[in-house]
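Just so we're on the same page: letters track the sequence lines, and every chain starts at 1.
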Amino acid sequence: MDKVRVRFAPSPTGTLHIGSARTALYNYLFARHHQGTFVLRIEDTDVKRSRREYEESIVRDLHWLGLSADEGPDAGGDHGPYRQSERGQLYEDGVQRLLETGHAYHCFCTQERLDRLKEEQLARGEMPKYDRLCLGIPPEVVAERLAAGEEATVRFKVPAGDWPFRDLIHGPISFSAEVIGDFIIKRTDGGYAYNYAVVIDDAGMKITHVIRGEDHITNTARQLMLYEALGENAPEYGHHSLIHGADGGKLSKRHGATSIGEFRDMGYLAPAVVNYLALLSWSSGDEREKFTLEELVEAFDMSRVSKSPAIFDIDKLNWLNGLYIRELPVEELAELIRPYLHEAGIELAEAQRPVVTAALQANLVILEDAPEFAQLFVEEMDPAESAPADKLRSPGVAAVMQIMHEARAARKAEFLSLDEGHELMKEVGARAKEQGLKGKAVFMPLRVALTGRESGPELFYLVSGLPRGRILERVQSARRVAESAG
RNA sequence: GCCCCCAUCGUCUAGUGGCCUAGGACAUCGCCCUUUCAAGGCGACGGCGGGGAUUCGAAUUCCCCUGGGGGCACCA
């Protein structure tokens, strides 16, 4: 086999969508697995909707995912240009070639006539297709009308017959030319149609395998015809299924976040997103669920990509994200959550940061949730006024508070290390025990006193990560509640 | 309407004629661990869309039906 060359060809009319990202991933994995080349091509023939800033954001998102291209507008390469808007001459050369060889012809039909034609055919229950009215116009007449400045499109003359191909994922698929009308390859505005431009580009860029979404499956026949008319070798095709929303419909905005950027902003980690996307429609065959990009490259195989559509399941993504968060080094997690805390107005002290980060690491699903967990380390709170204040009115609570107060007061540092926190709690536990207090009777009141809540991180995190002054205040307040209860 | 694709637990999937009393993961539920909540460990619940056919034997092959998705543009 020739050296594998695949491409990801987004149109810059929006940001990188979760579905497109999966297409990019499959292309990337296929290329890397076969030591091939991954090309990025920008399909910006739709001048009205394409924007350079979208191209930039797509490149940025791909990079974030770790799927940077080997060749592309940003990376360069020997098969450029990599933007369709810069490939006009190549398209024009091809059109002339098809015109000269009789594979294409000028069409002067108006939009009105085409609309009417389609309407009639639909009413008769036929598949709408161009009726070849302009194919019969003599060449000299065509030349005259063109010279007179009449608007025209160029249509491809669809060759009859069956157009079978072997799809990398689906196996044999065949289309009859019967159902395909002569399609436009060059528009009146001088632009070139997608199905045509793609062929010129894939041929010119020596693409060997086209891996794309199933929505392109019916385009394949048209493209195969074009390859033959152009005298070029067609690549192999693989069409993966589309991602659906929880209701079974096409994934859209109303299903929540759909763009890679949104997931990044919420605090999903790139390796988790990549891992999840790979698992949608693909499985390794063994029972592994967790893969790094490198492991995916190693294990990826097109024949193991599922044919059926997959429903986007945020629960599983969340699970994977939590997995990746839990294995992050604390310092790294601390840096990652910093912007989210800042956004929420939470600035942790240097000595406090590792403690708070470690405390929330086990619970965090997405980075965005960090402030909610960190909140109790920075908020103003008086246990006497907290909801579970009743928990402070049990016998022995005053004594427990006294012990905690002494223990913490004896340590002068504003914050403690986790080791010191552990040690402090051991001391408190031991001293309480001497007074016949233990278990829930000592720890639940302490929790309520320190946080005003009945659940949360382990106590050693709290005594380490809460400021000394606050601990002393709260313990005093809790003690007053206990004593007033008699 | 016409063409194409798809069909295993709620979800993602393993399964390519006998290893299937259908395996794993997420979710759910329960138990354990734990001074709380999580995390973690263990376990439970739960599925081959329907009907024919081929075969000694079908989740696996073929046909029909049903259901879902995609396409049928001077969008990509």
[N] pairs with, by Watson-Crick or G-U criteria that keep both distances under 3.5 Å:
| N | result |
| --- | --- |
| G17(B) | none |
| C62(B) | G52(B) |
| C72(B) | G1(B) |
| A25(B) | U11(B) |

Without swapping roles, check the side chain of [X] against the backbone of [Y] for a donor-acceptor pair under 3.5 Å.
| X | Y | answer |
| --- | --- | --- |
| Asn275(A) | Phe291(A) | yes |
| Arg304(A) | Ser283(A) | yes |
| Arg155(A) | Asp182(A) | yes |
| Asn27(A) | Ile211(A) | yes |
| Gln361(A) | Leu328(A) | yes |
| Ser386(A) | Pro383(A) | yes |

What's the closest nucleotide to the [X] side chain, out of [options]?
| X | options | result |
| --- | --- | --- |
| Ser308(A) | A76(B), C6(B), C26(B) | C6(B) |
| Ile311(A) | U11(B), C26(B), A76(B) | U11(B) |
| Trp319(A) | G23(B), A25(B), G1(B) | A25(B) |

Taking only side-chain nitrogens and oxygens of [X], does any of them come within less than 4.0 Å of OP1 or OP2 of [N]?
| X | N | result |
| --- | --- | --- |
| Arg187(A) | C75(B) | yes |
| Ser283(A) | A14(B) | yes |
| His170(A) | C6(B) | yes |
| Ser281(A) | U13(B) | yes |
| Arg304(A) | G15(B) | yes |

NA contact type, [X], heavy-atom cut-off 4.0 Å: base, sugar-phosphate, or nothing?
| X | value |
| --- | --- |
| Thr45(A) | sugar-phosphate |
| Gln121(A) | nothing |
| Leu279(A) | sugar-phosphate |
| Glu43(A) | sugar-phosphate |
| Ile184(A) | base |
| His239(A) | nothing |
| Pro128(A) | base |
| Ser176(A) | nothing |
| Asn219(A) | base |

Pairwise [atom1] distance for [N] and [M], with rounding to whole Å:
| N | M | atom1 | value |
| --- | --- | --- | --- |
| C42(B) | U34(B) | C1' | 16 Å |
| U11(B) | A7(B) | P | 14 Å |
| C31(B) | G49(B) | C1' | 36 Å |
| U16(B) | G23(B) | P | 14 Å |
| A58(B) | G18(B) | P | 12 Å |
| G71(B) | G17(B) | C1' | 35 Å |
| G24(B) | G46(B) | C1' | 14 Å |
| A59(B) | G15(B) | C1' | 8 Å |

Given the ring of Phe156(A), does Arg222(A) sit roughly above its face, with NZ or CZ under 6.0 Å from the centre of the six-membered ring and within 45° of the axis?
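Arg222(A) over Phe156(A) ring: no.
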Taking the six-membered ring of Phe460(A), is the NZ or CZ of Lys426(A) close enough (under 6.0 Å from the centre) and on axis enough (within 45°)?
no
Return the value, rounded to whole Å, for the distance between atom [atom1] of [X] and atom [atom2] of [N].
| X | N | atom1 | atom2 | answer |
| --- | --- | --- | --- | --- |
| Phe175(A) | C2(B) | CZ | C1' | 13 Å |
| Arg288(A) | G23(B) | CZ | P | 22 Å |
| Lys48(A) | A73(B) | NZ | P | 17 Å |
| Asp313(A) | U11(B) | CG | P | 10 Å |
| Asp215(A) | C72(B) | CG | C1' | 14 Å |
| Leu280(A) | C26(B) | CG | P | 15 Å |
| Tyr276(A) | U11(B) | OH | P | 12 Å |
| Asp189(A) | A73(B) | CG | C1' | 13 Å |

Mutual orientation of the aromatic rings belonging to Tyr192(A) and Tyr196(A) [parallel < 30°, tilted 30-60°, perpendicular > 60°]
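Correct class here is tilted.
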Going by the angle between their ring planes, with limits at 30° and 60°, are Tyr268(A) and Phe263(A) parallel, tilted or perpendicular?
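Tyr268(A) vs Phe263(A) ring planes: perpendicular.
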Taking atom types as they are modelled, is there a donor-acceptor pair under 3.5 Å from the base of C74(B) to the side chain of Thr188(A)?
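For Thr188(A), whose side chain was compared with the base of C74(B), there is a donor-acceptor pair (under 3.5 Å).
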Starting from the 5' end of RNA chain B, give me the residue, Val305(A) or Thr153(A), whose nearest nucleotide shows up first.
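Mapping each residue to its closest nucleotide by heavy atoms, the 5'-most match is Val305(A).
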Between Lys316(A) and Phe312(A), which residue's closest nucleotide on RNA chain B lies nearer the 5′ terminus?
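Looking at the nearest nucleotide for each, Phe312(A) comes out on the 5' side.
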Can you give one letter per nucleotide of nucleotides 33-39 of chain B, 5' to 3': B if a protein heavy atom sits under 4.0 Å from the base, S if only from the sugar-phosphate, - if neither?
--BBBBS
Hey, mind stepping through Tyr82(A) and Asp201(A) against side-chain hydrogen bond (donor to acceptor under 3.5 Å, both in side chains) and telling me if it holds?
CA-CA 9 Å; Tyr82(A) 293 94; Asp201(A) 292 339; over 6 Å; no
